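Chain A is the first sequence line, chain B the second, and so forth, proteins listed ahead of strands; every chain is numbered from 1. It should be emphasised that the depicted structure is a prediction, and the values quoted were computed from it without experimental measurement. Just so you know, these numbers use all the heavy atoms, side chains as well, and skip hydrogens, waters and symmetry mates.
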Amino acid sequence: MSMDKSFDAATAEARIAAEWDRTDAFKAGANASRDETFTVMIPPPNVTGSLHIGHALNNTLQDILVRWHRMRGFDTLWQPGQDHAGIATQMVVERQMAERQEPNRRDIGRDAFVEKIWAWKQESGDTIINQLKRLGASCDWSRNAFTMSGAPGAPAGEEGNFHDAVIRVFVDLYNKGIIYRGKRLVNWDPHFETAISDLEVENRETPGQMWHFKYPLAGGATYTYTETDEDGTVLFEEERDYIAIATTRPETMLGDGAVAVHPSDKRYAPIVGQLCEIPVGPKEHRRLIPIITDEYPDPDFGSGAVKITGAHDFNDYGVAVRNGIPLYALMDSKGAMRSDGQSYADSADIASRAAGGEDVGDVSTVNLVPDELRGLDRFEARKRVVDQITTDGLAVMTQPSDPRLGKAARPPEPEDGGEARMDDLVPLVEAKPIMQPFGDRSGVVIEPMLTDQWFVDTQKIVGPALDAVRDGRTQILPEQHKKVYFNWLENIEPWTISRQLWWGHQIPVWCDDDGNQYCAPTEAEAQAQAPGKTLTRDPDVLDTWFSSGLWPIGTLGWPEDTAELRKYFPTSTLITGFDIIFFWVARMMMMQLEVVGDVPFRTVYVHGLVRDEKGAKMSKSKGNVIDPLTLIDEYGADALRFTLTSMAAMGRDPKLGPKHVEANRNFVTKIWNATRFAEMNGARGGGARPEPSHTVNRWIIGEVARIRMATDEALDTYRFNDAATGLYAFVWGKVCDWYVEFAKPLFDGEHANETRATMGWVLDQCFTLLHPIMPFVTEELWALTGERPKMLVHGDWPTYGENLIDADADRQMNWVIGLIESIRSARAQMGVPAGAKLDLIVTEADEAARAALTANAPLVERLARTNTPQDGTAGRGTIAVAAPGASFALPIGDVIDAGAETQRLTKSAGKTEKDAEGLRKRLANPKFAENAEPEVIEETRDKLAALDDDLARIRAALKQLETL
RNA sequence: GGGCGGUUAGCUCAGCGGUAGAGCACUACGUUGACAUCGUAGUGGCCACUGGUUCGAUCCCAGUACCGCCCA
């Protein structure tokens, strides 16, 4: 049988994947030969998702651990599944409906819309699953889970009980008082018209503007505004009838409830407690608000005075709550200025009474948006407000050349007289970068909004999650991420879990007409709590992360007491990216500990973020996204997997370019061809480990043992890159570069049979050890090279070790390799034609050297291109080569350039001498002898002796050269 | 502002107490029983800077500079 010249990944991968599937190779417990379990929960990708490079890394690492354990006989489960991704999925389906010009979701109603989403899921929801299969992910696909399975309206095939788990936990936490409903300021997405959690907000710096406005003091009052330096020296002083405010959001001025200054700020001390006027709105109803003190304002920022709009800013909200300032809502769910509620006149009246200290109660119907602004978009309202204030002359003015104005600022033109006059002043609108919150899904500016939402009181359940990591019940790797975890959990905020969406687990709470809440798993049970009352269910759904927070137990069948739950929980290792430590890992810790009282996983391994070659984050807008499927098409899944693995150094972000993948595709080709060579020489796999007599064969078996130990050690400690690079160096650098070359002459002699057996066995070991990282090509080679009782996916992972290392063989082969390298180097440097065969004269050799040479002469002859070694002396026209315990001379003909040889040897001597000198100095230092470990001293002495020996040989050769 | 990283060959990265490694790129040679998706031999590094600990520091500690990321 003859093999193709290279591995055809495209056709083989599909065939092999189908075979794994057909034989149920990935089923939970497949190939188990011991009791220990190994469980991995996949971080569920969004049902709308498609495979990106981050998934490729994440799932490759999981697959490596899973395949490794499965081959070692653990009872292994890799649990796959998907997340229902509330906003994302609703968005996809709504967009599709719009494209098809179908009625929108409000037209068709909630039930019909949810039905449509299910239909979409049935049709398109398994995209990423199929892509993961192409990567080679060995999940138990028969168990594929979904965070919405079993929800009302779920079609056939979706009848899992994840929904039961979610509802059960909600009811339980509600009854314990951990879940509550409340009016609070939340992040509101005006595009999707829903609350989102703070983690779903992306704060980005964007070019912005900061306006400076004057809030006139009530009744025309004035004060002396004084700025002083640290010593109290007056720098600036003027009479003012206003207080200056800086804001990036002028439209929210309409809802101001106060102006705040820092208690230590002397500039404004004279007017604290007075009222000032909001410089916008109908003149006949200008509102007055109090000037208060609070720790929040930063005296060094802007004017030091801050307007307080409690219903539209998180910081202001805090100030307002502390100081009893009313929270006036200005916008509707779409981010437009409100047009509901009371008239402006009535509203302004109520607000004025509140400013005067009167308790006005609930202000939710108070609408302080003037008539002409009602219904306008918030950004349009901003323009109008700015125009109005500027027209009224209440903007702070400045010179046109003021650098704070940014690029637009121009110095006065020469024709204007070179000097700005008072009437040339322009409004002070600072051009500056500001941090703005954007919805991570919608991309629109998030609006803080005062709404009724459901919250998890995370303070109440965070303790055990902190303890579990502190006492090591769950280990987080690399360690630095522990700090991130602690930092977040120690400062945890209530978690907003309600979403104003239709796709998701609807909140199991019903209200009667009086507003009493009834929480129960079903409507019937709620009704039983409220006999005779008419109940209405809360329309909101739960945050998707609330359900994915139950992933470990939910996928195993909880709340039922299933066999899987008992066997596979707590899970072994979670592999995930640092970007979801908060979203997911911390919440799973809290929820599992609260619900079932145990940690969800023993170890969390956090990998980096795959970046492009230059280290930049991949993003669509930058156009530097690398599609893993394209790489798989071009180079094969194994090459991609191997590349990602070799770059997965703990705590570092892999930087990936196609060049790297190409290099590892070449590695696939390399091992393919080494196998092809073995095949051509009748070296087949499938046999027992041979016990050969030849040094070469004994040596390579020892090297196999070393790499097996190193690979296990690396995987045990999650050093994936060490496992990959170690195997690469072994397979390419030891097996292909040396062992295969050594074997060539052996195939002609008395050791041919044992060499065939050894080579077959060595390659089997390579396939086995590489299989977790490169499953496809190894499975293919496994099938091609022997009669196998099982596929390699169920192959037995080896356990041999030190006992296979033959120290003598090791020493001899290292000596031979060194000699060959020295000869090759000398030849190349002296310009000997590569094809020329030289005589090899042994001028000196001790016993060990002679033994090594005698046993391996054919190898040296072949690889160094020499004739059989002969004893003799170095004559004219030879180059000298030194090896430990031996000296050689190679005649290269009459044309030898003595000068060149002298130069070569002198250079070599110089380098050796320099190295030796360093070691000698170290050994001569009495403190070294006193303090260094004995082994280190011994090692240093040996090294020095070897160098001195080399040096002596090189010098002897130089001397010889002179005398000739 | 708070926290966490990084700075090693031209490029991308390993190493992390005994004077440096890989892949890619580059130079020269080469179709020698599998592999040109290859082989052989080379070139290339004051391991950011300044102090300290140590017999010994790229590695540990402190500070400086620059570059990232996360959270306000």
Would you classify [X] as touching base, sugar-phosphate or nothing, given that sugar-phosphate means primed atoms plus P, OP1 and OP2, and contacts are heavy atoms under 4.0 Å?
X	result
A/Glu861	nothing
A/Gly918	base
A/Asp915	nothing
A/Ala932	base
A/Pro478	nothing
A/Ser825	sugar-phosphate
A/Arg665	base

- Counting only distance, no hydrogens or angles, is the base of B/rA34 paired donor-acceptor with the side chain of A/Lys744 under 3.5 Å? yes
- When only distance counts, do a donor and an acceptor, one from the side chain of A/Gln829 and one from the base of B/rA28, lie under 3.5 Å apart?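 When only heavy-atom distances are counted, A/Gln829 does not reach the base of B/rA28 through any donor-acceptor pair under 3.5 Å.
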[N] phosphate, OP1 or OP2: any side-chain N/O from [X] under 4.0 angstrom?
X	N	result
A/Asn666	B/rC38	yes
A/Trp738	B/rU40	no
A/Lys921	B/rG56	no

May I have the distance from [X] (atom [atom1]) to [N] (atom [atom2]), rounded to whole angstrom?
X	N	atom1	atom2	result
A/Phe578	B/rG3	CZ	P	19 Å
A/Lys5	B/rC38	NZ	C1'	10 Å
A/Asn925	B/rU19	CG	P	15 Å

- To the side chain of A/Lys943, which of B/rU32, B/rG18, B/rG39 is closest? B/rG18
